[in-house]
2 protein chains.
Amino acid sequence: MPHKSASVKTIPDIVVGRLPFYLRTLRALAAEGREITSSSDLGNRLGLTSAQIRKDLSYFGEFGKQGLGYNIPFLVDQLRRILKVDRVWEVVLVGFGDLGRAIAHYHGFHDRGFEIRMVFDSDPAKIGQSLAGFTVDDMNAMVEKVRAAKVRVAMLAVPATSAQKVADLLIKGGVRAILNYAPTTLNVPKGVAVQNIDPAAHMQHMTYYLEP
Amino acid sequence: MPHKSASVKTIPDIVVGRLPFYLRTLRALAAEGREITSSSDLGNRLGLTSAQIRKDLSYFGEFGKQGLGYNIPFLVDQLRRILKVDRVWEVVLVGFGDLGRAIAHYHGFHDRGFEIRMVFDSDPAKIGQSLAGFTVDDMNAMVEKVRAAKVRVAMLAVPATSAQKVADLLIKGGVRAILNYAPTTLNVPKGVAVQNIDPAAHMQHMTYYLEP
DNA sequence: CCTCATTTGTGATACATTTCTCAATCAGCG
DNA sequence: CGCTGATTGAGAAATGTATCACAAATGAGG
Ligand SMILES: NC(=O)c1ccc[n+]([C@@H]2O[C@H](COP(=O)([O-])OP(=O)(O)OC[C@H]3O[C@@H](n4cnc5c(N)ncnc54)[C@H](O)[C@@H]3O)[C@@H](O)[C@H]2O)c1
Ligand SMILES: NC(=O)c1ccc[n+]([C@@H]2O[C@H](COP(=O)([O-])OP(=O)(O)OC[C@H]3O[C@@H](n4cnc5c(N)ncnc54)[C@H](O)[C@@H]3O)[C@@H](O)[C@H]2O)c1
C-alpha cells in the first residue's frame with residue numbers, strides 16, 4: 001500500500017524549478033503585446049525542446065488548444081496560481097551590507113510576487129537607517145517580529161560565518177523558505193526550503209569549459 | 001564510428017556543476033584546520049550522499065586513500081586545477097547600477113579565482129566614477145578594450161531590455177563565459193557559456209511548496 | 001461541409017543520474 | 001606481521017528525466 005494518495009502524483013522538483021522561467025518568458029511575451037504562443041516558440045526563447053515544455057505543463061493540466069497553442073494571459077494566470085505568486089509574499093531580509101542594500105532597493109521582486117517588508121542587521125551603525133516605508137531593525141528583535149507578522153519567506157545576505165546561526169533564528173521565527181546568498185551550505189529541518197545563490201560557483205562551472 | 005575520441009570520456013555537466021560546492025566546502029574545512037576528510041563527512045556537510053561524492057570525484061582521478069579518506073589540501077589543489085581556478089581570471093563587469101556596484105565592491109571573488117578589472121556602463125553620470133585601481137568606462141569603448149585585454153569572462157548586470165545587445169557585444173569582444181544577472185534568456189552561439197542568476201525564480205520555486 | 005496545416009497531450013522509448021554493493025586497500029595496533 | 005575497522009573506486013541496478021512520435025483536436029480556407 002503506497003504512502004501517498006493515489007490521486008496525488010508528485011511532480012518532479014526539476015519541473016517545478018523550470019516553471020518560473022516559463023512564467024518569466026510568458027510575461028515578456030505579454031509585454032510585447034502577444035496573445036498566443038506555442039510550445040515551440042517558448043522552447044526557442046528558453047533554449048528547451050517543445051516536447052519538454054508540453055510535458056512539464058501537462059503535469060498540471062491541459063492549458064493549450066490543439067492546432068493553436070497557448071493563450072498567454074491565461075497561461076500566465078495558471079502558472080502564477082501554481083507557483084502561488086498570484087499574491088505578494090511578505091519577505092524578511094537579514095543583512096544590510098552592500099548586497100543587502102542592493103536587494104532592498106531592487107523593485108523587480110514585487111512584480112514576481114515578493115515584497116521586502118522587514119530588514120534586520122546586527123550592526124548598530126546600520127540599525128535605524130530607513131528605506132521606503134520602514135527602517136533597518138535590530139537582530140535581537142528579529143525572531144519575535146517575524147513570528148508576529150507571520151512572515152514565511154526570507155532572504156539571507158550575511159557573511160557565511162553567521163549564516164547558519166541566522167537561518168536557525170529565522171526558522172525559529174516561523175520562516176519556511178530561505179534564499180541564501182552566503183557561500184555556505186545551510187542545514188535545515190524537513191519542511192524548510194532553501195535555495196542558494198553563489199555567483200562564484202557559477203563562474204567556476206564555466207571556467208571548467210574554457211581553454212587555459 | 002564515434003565522433004569523440006575513445007579515450008576522452010565526457011564528464012556530465014551536472015557533475016561539473018557540483019565541483020565548485022565541493023571546493024567551497026573543502027576550503028571551509030581547511031580554514032577550520034582540518035587535514036583529512038571522508039566522502040561521508042563531505043556528504044553530510046553538503047547534503048549529498050557519500051556515494052555521489054565518490055563517483056563524481058572518480059570521473060577525474062583517484063584522489064582518496066582507502067580506509068583513510070581524502071587529504072584536504074591535496075583535493076583542494078586538484079579541484080582548483082580541474083575547474084581552472086588555480087589562477088585568477090580577469091573579469092569584465094557591465095552595468096554599474098545598484099547590483100553592479102555591490103558586485104564590484106565585493107571582495108569574495110578573488111579567492112575563488114576571479115577579479116573584476118574593468119567596468120562599463122552607458123550612463124554618462126556613471127562613467128568616470130572610480131573604484132580601487134580603475135574607473136567606470138564608456139560602453140562605446142567596451143568591445144575594443146575587452147578584446148585588447150583578452151578578457152574571456154564577464155558579468156552582466158544591466159536591465160533585461162539591454163542584456164541581449166550587451167551579450168552580443170561581449171562575445172564580439174572575445175568573451176566566452178557570461179554570468180547573467182538580468183532576468184532574461186540570452187541567446188549565444190556554441191562555444192559560449194552562460195549561467196543565469198535569477199533570485200525571483202528561486203523564490204517562486206520555493207513558494208510552490210509553501211502552504212497558502 | 002470537407003480538407004489541410006498546425007499543434008497539443010501523452011504513452012513508449014531512450015538516455016542520464018543516482019544509489020547500491022562489495023572487492024580492494026590502507027593505517028593502526030597488538 | 002597478520003588482523004581489524006574504515007573507506008575508496010567502480011560496475012551493476014535502480015531510479016529519474018528528456019525526447020520521440022503520433023492520435024486527436026482545432027481553425028482557416030475554400
Ligand atoms: N556583495 C556581493 O555582490 C556578493 C556577491 C556574492 C555573495 N555575497 C555574499 O552575500 C553576503 C553579504 O555580502 P555583502 O557584500 O553585503 O557583505 P557585507 O559585509 O557588506 O554585509 C553583511 C551584513 O551582514 C550583517 N551581519 C553580520 N552578522 C550578522 C548577524 N549575525 N545578524 C544580522 N546581520 C549580520 C553585517 O552587519 C553587514 O551589514 C556574504 O555572505 C557574501 O559572501 C555578496
Ligand atoms: N539589484 C538587485 O538586487 C537585483 C536583483 C536581481 C536582479 N537584478 C537584475 O540585475 C540587473 C541590474 O539591476 P540593478 O538593480 O543594478 O539595476 P540599475 O538600473 O540600478 O542598473 C543598471 C545599470 O545598467 C546600465 N545600463 C543600461 N543599459 C546599458 C547598456 N546598454 N550598456 C551598459 N550599461 C547599461 C545603467 O546605466 C545602470 O547603471 C537588472 O537586470 C536587474 O533585473 C538586480
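These numbers were taken from a predicted model, which means no experiment stands behind them. We name chains A, B, ... by the order of the sequence lines, and we start the count at 1 in each one.
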Check the distance between [N]'s [atom2] and [X]'s [atom1] and give it to me in whole angstrom.
X	N	atom1	atom2	result
A:Q78	C:dT8	CD	P	16 Å
A:F60	C:dG9	CZ	C1'	15 Å
A:I53	C:dT7	CD1	P	14 Å
A:D41	C:dT7	CG	C1'	12 Å
A:Y22	C:dT8	OH	C1'	15 Å
B:R54	D:dT7	CZ	C1'	7 Å
A:I36	C:dT6	CD1	P	17 Å

Close side-chain approach of [X] and [Y], heavy atoms under 4.5 Å:
X	Y	result
A:P189	A:I171	yes
A:M118	A:L93	no
B:V16	A:Y209	yes
B:Q195	A:H205	yes

Looking at D:dG9, C:dT8, C:dT10, which one has an atom nearest to any side-chain atom of A:S39?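 My answer, after comparing the listed nucleotides, is C:dT8.
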A:Y70 has a side chain; which of D:dG9, D:dT7, C:dG9 sits nearest to it?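 Selected nucleotide: C:dG9.
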Given B:V188, B:V153, B:V92, the one that forms side chain to side chain contact (heavy atoms under 4.5 Å, CB included) with B:V175: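 Exactly one pass, corresponding to B:V92.
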Would one find more than 12 heavy atoms of other residues, nucleotides or ligands at under 6.0 Å from atom NZ of A:K84?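 Check passes, neighbour count above 12.
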Note: B:D77-B:R81 ion pair, threshold 4.0 Å (strictly below):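 Salt bridge absent between B:D77 and B:R81.
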Kindly compute the distance separating CZ (A:R27) from CD1 (A:I72), expressed to the nearest 0.5 Å.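 The CD1 atom of A:I72 is 12.5 Å from CZ of A:R27, to the nearest 0.5 Å.
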What's the spacing between B:S38 OG and B:K65 NZ if we round to 0.5 Å?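 B:S38 atom OG to B:K65 atom NZ measures 15.0 Å (nearest 0.5 Å).
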Report, as a single string ordered 5' to 3', how protein heavy atoms within less than 4.0 Å touch nucleotides 24-30 of chain C: B base, S sugar-phosphate only, - not at all. BBBS---
Report, as a single string ordered 5' to 3', how protein heavy atoms within less than 4.0 Å touch nucleotides 12-19 of chain C: B base, S sugar-phosphate only, - not at all. B----SSB
